Every structure is written in C-alpha cells, then in structure tokens.
Amino acid sequence: MRVSQLFGATLRAAPSDELFSHQLLLRAGYLQQLAAGIFSLLPLGVRSQERIRRILREELDAIGGQEVSMPVVQPADLWQRSGRWQQVDETLVRFQDRRGREMVVAMTHEEVVADLAASQVTSYRDLPRIVYQIQTKFRDEPRPRAGLIRTREFWMKDSYSLDRDPEGLRAAYRKHFHAYFRIAARSGLPVAAVLSDVGMMGGKVAHEFMYLSDQGEDTLLLCPRCGYAANQEVAERLEPPPEDSPELPLQEVATPGCTTVAEVAAALQVELSRVAKTVGYVAEMERGEDGRVVLAVVPGDREVNLARLRQATGAVDLRVATAEELAEVGAVAGYMSPRGLERAAVTVVADSSLRRRRNLVAGANREGWHLRNFNLVRDGRVDQELALGAAVGGDPCPSCGGPLDLRRGIEYGNIFQLGTRYSEALGAVYTDEEGRQRPVVMGSYGIGLGRLLACVAEEHHDERGLALPISIAPFQVALVQVGSDPEVVEAARGLYRDLERAGVETLYDDRDVSAGIKFADSDLRGMPLRVTVSPRTLQREAVELKRRLGEARDVPLAGAAGAVQEELGALWSELDLYVGERMAGVEELAARTFGPAG
RNA sequence: CGGGGCGUGGCCCAGUGGUAGGGUGCCUGCUUUGGGAGCAGGAGAUCGGCGGUUCGAGUCCGCCCGCCCCGACCA
C-alpha cells in the first residue's frame, strides 16, 4: 500500500481528554468516531482487526470450533422464552418490524445457539460441538467510554459449546481457557484469568480474562503467593477469627448529625471496621418492578458487594432506597441498623463476619442516635449471611491466607459455564444412549475484538505513537523513501516491489513530503519494522532497518528484501518465544483451577 | 440515570455584548528533503439547534440535541 493512496490521514492533535492509547489510534488513522461508543474502522484499523480475526479463527479451530454466522436481528420470542426479555434492561435494543412484530438487536447469541441446537442436535452422537462466529453486537450501554474499551457497537468473537453433560462442559470450558491465553499471548498481550460474576448470562462458573492496567475499569484481587485471582465482585476472603470478648449491654448514644459511618466512627472514637454499616436497597425482581426493601449490613470499612447481593436476593437489579421507602419498613436513613424493623416488609442480608464480632456500633433507627455494644445476633436481625463486604487489598487470601493485591484490569474476554438454562428454555434436547431426552449442556465464551485492539495499543506504545506487535500491526513494514532523487525513488520502488512480491505487507511512504513528516507518521502508525531508503543510505549502497522500538542498522541495498524478511522472521520468533513463556504457566494454572488434565 | 465539563473552518483551540480569529491541515507557485522546513498567494464558518433579552448575541437567559469525564452497568 502506498501512503499517497491510503484512506485515512494522520492527525497532529486529538481530543486531550481521551485515553492516550486511544488518542494514538485516532491520530494514526485507525478509526474515527461516529457517535458515543460507535466507531468506523479505517483501513489500518480493519487490517489490524483482520489480523486479530485470523488469530481467533486459528485458535478456535484448533480446539474444534466450527464457524457459523447468526443473525443480529432476532425475534423477541426467543428472548421471552429464555427470560432475558424481562431480565435485561434498555441495554437490549428492542424494536418492532413493519408488521408490528417485536424484535431485538442481539447483544449476544445464546438464544439462537440453543435454537440451532434444538434442531441440529438430536442424538448424543451430535455432541460435543463448539460453534463460533465473529460479528458485530450492539448493546446500548448506559455509558460508553475510554475509546474502544467500552463501546455500544462492537465486534465480538462469541463461541458456544454444546455438550452431553457437565463433564463435557468442563472439558470445553478448559479448552477455551487455554485458547484464550494463547490468543492473548499471540496478540502480545499479557492477561490473567480471574473468577467472575455470571451476570445476565446465568450459570455458575465464569472467568474473565483481564489485561492488568491502571486504566482498567474492573477491580481485581490477586494473590501473589498462591495465584488466587478474582474480580472484586466475587472475591472471597478468609473470615476473621471470632472475637471472644463478652457481650456488653446495648446502649443508646446521641450522635446528632452523624449520618455517615466516618462521622459516627469519629464521634464515638471507634475504628471504621467496628461500625456495622447498613445500606438500604430496593430489589427489582422484574424490569422496572419494585420488589422488597433489602438492608445490607457490612463492616464500616467495606463497600457492599452488589453483584453478590443481587445474586443472593435473586433481584435483576438493586437501586439505593429513598428515605421514604426506608421509613416504611421502620428504618431511619443515616441512623440505620437491622434492629426494630417491620419484619415482613424487609430482607436483611449481613456480612458473615459480623456475627463473630462483639460490641459494634450501629444505627438506632432513630434520628440522631446510634447504638454501642451492638451484637448482631443478639440485638439485630438477619435473614441471610454471606461474604457481603467487598474484599479489598490486604485482605487474607481465601485459599492460602496471604495478603491479596488489589489491581485494576480491562476485561478482554470471558468464559461462562452456562449449564442448561438456555437449552431447557428453548428445547435443545438430545437423546442419550439409554433413549432418555436430556438438555444440551452449554457454555458461552466471548472476546471483544475492538477491546483487544485497545488493550494491545495500551500495552504497546510510546510517546511517539503505537508500537504494535507484528501479529497485530496492519502492515509488517513501513518503507520510508526520503526525498525524491531518481535513484532513491528507483531503489524504494524496487524494494517495495520485491517485498510485495515476497508477500511482505508493506506500507510504502511515497509522498513528496519532508523526511520528518514521514518518520513522525511512521512512528505514529506503529509498524514493527521501518525500512528507510535515502540519498544518504544509497551512498553507502544500503538501506536502513529499524525496529519501531529498536536501533537503526544498515543492510546492503542488494538483497535488502531478504534482509527485511529475515528481520521479520526474527520478530515472529521472538513473539513465539513470548507465547511459549506465557503458556508455560497456563497448564499448571489449568490443573490448579480445574484439576488434573483428563 | 445522578454529578461535572465542553460544543467556534477538516483537526486542535482562543474569542470577557459592538468588523468571527490563531495554530495545524487543505489548494496554487517557488524553494526545500534524516525527525512534523521556508516564502508568497488562496479556499474553507448558517459560531450544535430552537426560542428569548438587546439598537446589536459566538458572548446573556430558557429549552432541546450532541460529545467527554466521574459514579451505578459490561466483550
């Protein structure tokens, strides 16, 4: 490709409030934004995405995946039958076709896969199968942000496993676990697998693959000692030992104006962790339908883990209750506790560590008053207990007791063990060896292509621009012709021809502009290898080779194409080496996570 | 949806009630060619939209739309 012909110019400036790596993608001419969370890919972006697709196809094919293509627009009926029509909020785009039939724009394809399986899979002989597709999804996200990290329309590789039983599902899940590490490694991206919430997918077990980055929107807890890794939404922690001090008599104390745990703790001279913090929510059991009031009680130094509270209450959503709603159940905002409540109208969920702690401070459910020597079981009321307080850095690891690290991460992919939710709802059943009808056991696995590119850009750039791995870069070589002396032009064209003929994807800067512009553009676009032909190099009968992040060196003009290919070969070998290193630990990790291979 | 910010040539921005500007990019010519060169000339704007105040609105007021950032949500 000649730069003079390329659609998509480089920009000198981009909006400064964007993520830096995203500014680079914009400035380098990979993409252009059309609306909030909606982007066009320019040729460079398409070519990079094409490289990603190739990796995805190879790795999915390698675990037995078969590519399919499923419709984006689907009848609502499918979603009504699976229950997600009712469960998912406006993130799911709905509309009526001209006949007034309810339709959805798919945000993911479990329903359609189950529907396909319902007719394509009839016997145990038709299982197991893995199908996948690479296509766009639309989710009307409440807040698109951070460039390609969180968009509304996005390309996704989604695969689905169909199995006879949970053992089969676990095997398919494990294959994906492995493939997802390989895909990331081949993209030059270090990722960690963390336990995660199943969210709207349903099912039990799920992992997210996280690129660790301070820019990340997810909070993770990692154990450096034993490898435990979990999203904060599901992270556990070792329970503290029970306190054995005697329970003292309950005592009301005046705390006028102290409506936050911090103020109460300060006023009563106790540590935050010794305040039982009570937060009121209204559980929505169906979309937009208010259910009961839920009071969450956690140690004062912790946030409520909403994902877990949602799971425990079976709510599709939780919103913070208003003071009026709280008053109806006998709770006083700012002075709340699980004491003296209208019993039937409210559910109390408490952090399981609280029952072990003695003589805490809690609200008195009376304006301006708190309680000392509050003992949850004796003085309050609990309907459910679970690890409701979110884990934080320094908490003891649930598996080895060592201190957990708190890190931020960007989710590049996820895997879910769905089970039979969709197959049962949509009639995906098969006949087993004994002639019994059984539901297909499903798994669901996603990778966001744009997000992957964004993570790669975030991992591989410097002040001047992108510095993409050879596996992801739109072109392997940036050929820069300096000046327009006939000899230079002739040499550059010749080399371009040789490279193209050899199958080396080359971006040839043939423009009649100053060398500075060409070098700056070349650095910005981030191809892994730059080749310069100039009067200066020709004087030495040479061209110059420079890795994007390396030093320049001369190679003889004669046979330059060969030298370029050799250097590219070296880059690929180094990437292979990197993949090998990254994958070395994965087998062991898989064994630890899923048990011995089998 | 709550909070904050912004909307002015393609891009990045200044403009403080009184003639719409700068940088960059673009076009033409000359000159230049190893790190975003120089000179000269030129094109390009219903100042996000609608309404209001005013002799006069990019500027003040109201409503709406859009985008960005922080939170509740997720590939």
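All values derive from a computational prediction rather than experimental measurement. Below, chain A is the first sequence line, B the second, and so on; all start at residue 1.
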Checklist entry - For A:Q33, which contact category applies under a 4.0 Å heavy-atom criterion: base, sugar-phosphate, or nothing? => result sugar-phosphate

Checklist outcome for this item: In whole angstroms, the gap separating C1' of B:C68 from CG of A:L26 amounts to 13 Å

Checklist entry - Which nucleotide in the list B:G35, B:A75, B:C67 gets nearest to the side chain of A:E411? => result B:A75

Next on the checklist: With rounding to the closest Å, how many angstrom separate the P atoms on B:A72 and B:G21?
Outcome noted: 47 Å

Checklist entry - Partner of B:C11 by Watson-Crick or G-U wobble geometry, both contacts under 3.5 Å, or none? => result B:G23

Item to check | Within 45° cone of A:W155 ring axis and under 6.0 Å: A:R451 NZ or CZ | outcome: no

Next on the checklist: In whole Å, I'd like the distance from the CZ atom of A:R150 to the C1' atom of B:C74.
Outcome noted: 4 Å

Item to check | Integer-rounded Å distance: B:U33 P and A:D510 CG | outcome: 19 Å

Next on the checklist: Does A:D485 reach a base, just sugar-phosphate, or nothing at all? Heavy atoms under 4.0 Å.
Outcome noted: nothing

Item to check | Whether A:D509 side chain and A:R511 backbone form a donor-acceptor pair below 3.5 Å | outcome: yes

Next on the checklist: Let's see if you get this right: which residues in residues 185-193 of chain A place a heavy atom under 4.0 Å from RNA chain B?
Outcome noted: none

Next on the checklist: Using whole Å, what does the distance between atom C1' of nucleotide B:C68 and atom CZ of A:R152 come to?
Outcome noted: 14 Å

Checklist entry - Judged by atom type as modelled, is there a donor-acceptor pair below 3.5 Å linking the side chain of A:R548 to the main-chain atoms of A:L466? => result yes

Next on the checklist: Without decimals, in angstroms, what is the distance between A:R145 CZ and B:C68 C1'?
Outcome noted: 12 Å

Item to check | Heavy-atom donor-acceptor pair, A:D523 side chain to A:G526 backbone, under 3.5 Å | outcome: no

Checklist outcome for this item: Using Watson-Crick geometry (N1-N3 plus N6-O4 or O6-N4) or G-U wobble (N1-O2, O6-N3), each under 3.5 Å, B:U28 is paired with B:A40

Next on the checklist: Checking the side chain of A:Q33 only, and the main-chain atoms of A:A35 only, is there a donor and an acceptor separated by less than 3.5 Å?
Outcome noted: yes

Item to check | Sugar-phosphate, base or nothing in reach of A:G446, heavy atoms under 4.0 Å | outcome: nothing

Item to check | Watson-Crick or G-U wobble mate for B:C67, both contacts under 3.5 Å | outcome: B:G5

Next on the checklist: Looking at A:S522 and A:A478, would you say the former's side chain and the latter's main chain have a donor-acceptor pair under 3.5 Å?
Outcome noted: no

Next on the checklist: With rounding to the closest Å, how many angstrom separate the C1' atoms on B:C70 and B:G17?
Outcome noted: 35 Å

Item to check | Proximal nucleotide (of B:C68, B:U33, B:G36) relative to the A:V482 side chain | outcome: B:U33

Item to check | P gap between B:G62 and B:G5, integer Å | outcome: 14 Å

Checklist entry - Is it true that atom CD of A:E303 has more than 12 heavy atoms of other residues, nucleotides or ligands lying nearer than 6.0 Å? => result no

Checklist entry - Among B:U33, B:U24, B:C68, which is the nearest nucleotide to the side chain of A:R12? => result B:U24

Checklist entry - Do A:F154 and the base of B:A75 stack face to face, with centres under 5.5 Å apart and an angle between planes under 30°? => result yes

Next on the checklist: By nearest heavy atom, map A:G413 and A:P535 onto RNA chain B; which one lands nearer the 5' end?
Outcome noted: A:P535

Item to check | Same-atom distance (P) from B:C65 to B:G44, integer angstrom | outcome: 34 Å

Next on the checklist: Side chain of A:S534, heavy atoms from C-beta onward: which of B:A75, B:C68, B:G34 has the nearest atom to it?
Outcome noted: B:G34

Checklist entry - With sugar-phosphate meaning primed atoms plus P, OP1 and OP2, does A:A13 contact a base, only sugar-phosphate, or nothing at under 4.0 Å between heavy atoms? => result sugar-phosphate

Checklist entry - Okay, side chain of A:Y496, backbone of A:A491: is any donor-acceptor separation there less than 3.5 Å? => result no

Item to check | Nearest to side-chain heavy atoms of A:F519, which nucleotide of B:G35, B:G36, B:C74 | outcome: B:G35

Item to check | Pairwise C1' distance, B:C27 and B:G9 [rounded to whole Å] | outcome: 14 Å

Checklist entry - What does A:D512 touch in the nucleic acid at a heavy-atom separation under 4.0 angstrom: a base, only the sugar-phosphate, or nothing? => result base

Checklist entry - A:D140 CG to B:C74 P: how many Å, rounded? => result 14 Å

Checklist entry - Looking only at atom P, what distance separates B:G58 and B:C50, rounded to whole Å? => result 12 Å

Next on the checklist: Checking base pairs now: Watson-Crick or wobble, both atom distances under 3.5 Å. What partners B:A72?
Outcome noted: none

Checklist entry - When you compare B:G66 with B:G48, how far apart are their C1' atoms, in angstrom units rounded to a whole number? => result 7 Å

Next on the checklist: Any strand counts, and the cut-off is 3.5 Å on both contacts for Watson-Crick or G-U wobble. Which nucleotide pairs with B:U33?
Outcome noted: none

Checklist entry - Using a cut-off of 4.0 Å on non-hydrogen atoms, how would the nucleic acid contact of A:A9 be classed: base, sugar-phosphate, or nothing? => result nothing

Checklist outcome for this item: Taken to the nearest whole Å, CD/A:E233 to C1'/B:A72 is 12 Å

Checklist entry - If you look at every strand shown and take non-hydrogen atoms under 4.0 Å, does A:A454 touch a base, only sugar-phosphate, or nothing? => result nothing

Checklist entry - Donor-acceptor pair under 3.5 Å: do we get one between A:S514's side chain and the base of B:G36? => result no

Checklist entry - Do A:R143 and B:G4 share a donor-acceptor pair, side chain to base, under 3.5 Å? => result no

Checklist entry - Just checking A:V480: base, sugar-phosphate only, or nothing, at a heavy-atom cut-off of under 4.0 Å? => result nothing

Next on the checklist: For A:K546, give me all partners under salt bridge (charged side-chain N to carboxylate O under 4.0 Å, His left out), at least two apart in sequence or on another chain.
Outcome noted: none

Checklist entry - With both distances kept under 3.5 Å, what pairs with B:C60, Watson-Crick or G-U wobble? => result B:G52

Checklist entry - When the C1' atoms of B:G18 and B:G25 are considered, how many whole Å apart are they? => result 32 Å

Checklist entry - Does A:T151 use its side chain to pair, donor to acceptor, with the backbone of A:L148 at less than 3.5 Å? => result no

Next on the checklist: Quick check for you: among B:A75, B:G36, B:C73, whose closest atom lies nearest to any side-chain atom of A:T151?
Outcome noted: B:A75

Checklist entry - So what does A:L306 hit on the nucleic acid, given a heavy-atom distance under 4.0 Å: a base, only sugar-phosphate, or nothing? => result sugar-phosphate

Next on the checklist: I need the CG-P distance between A:L148 and B:C74, as an integer number of Å.
Outcome noted: 20 Å

Item to check | Sugar-phosphate only, base, or nothing, as touched by A:T91 at under 4.0 Å among non-hydrogen atoms | outcome: nothing

Checklist entry - A:R511 near the nucleic acid: base, sugar-phosphate alone, or nothing, with a heavy-atom cut-off under 4.0 Å? => result nothing

Next on the checklist: Quick check on the 6.0 Å ring-centre criterion: do A:Y173 and A:F177 meet it?
Outcome noted: no

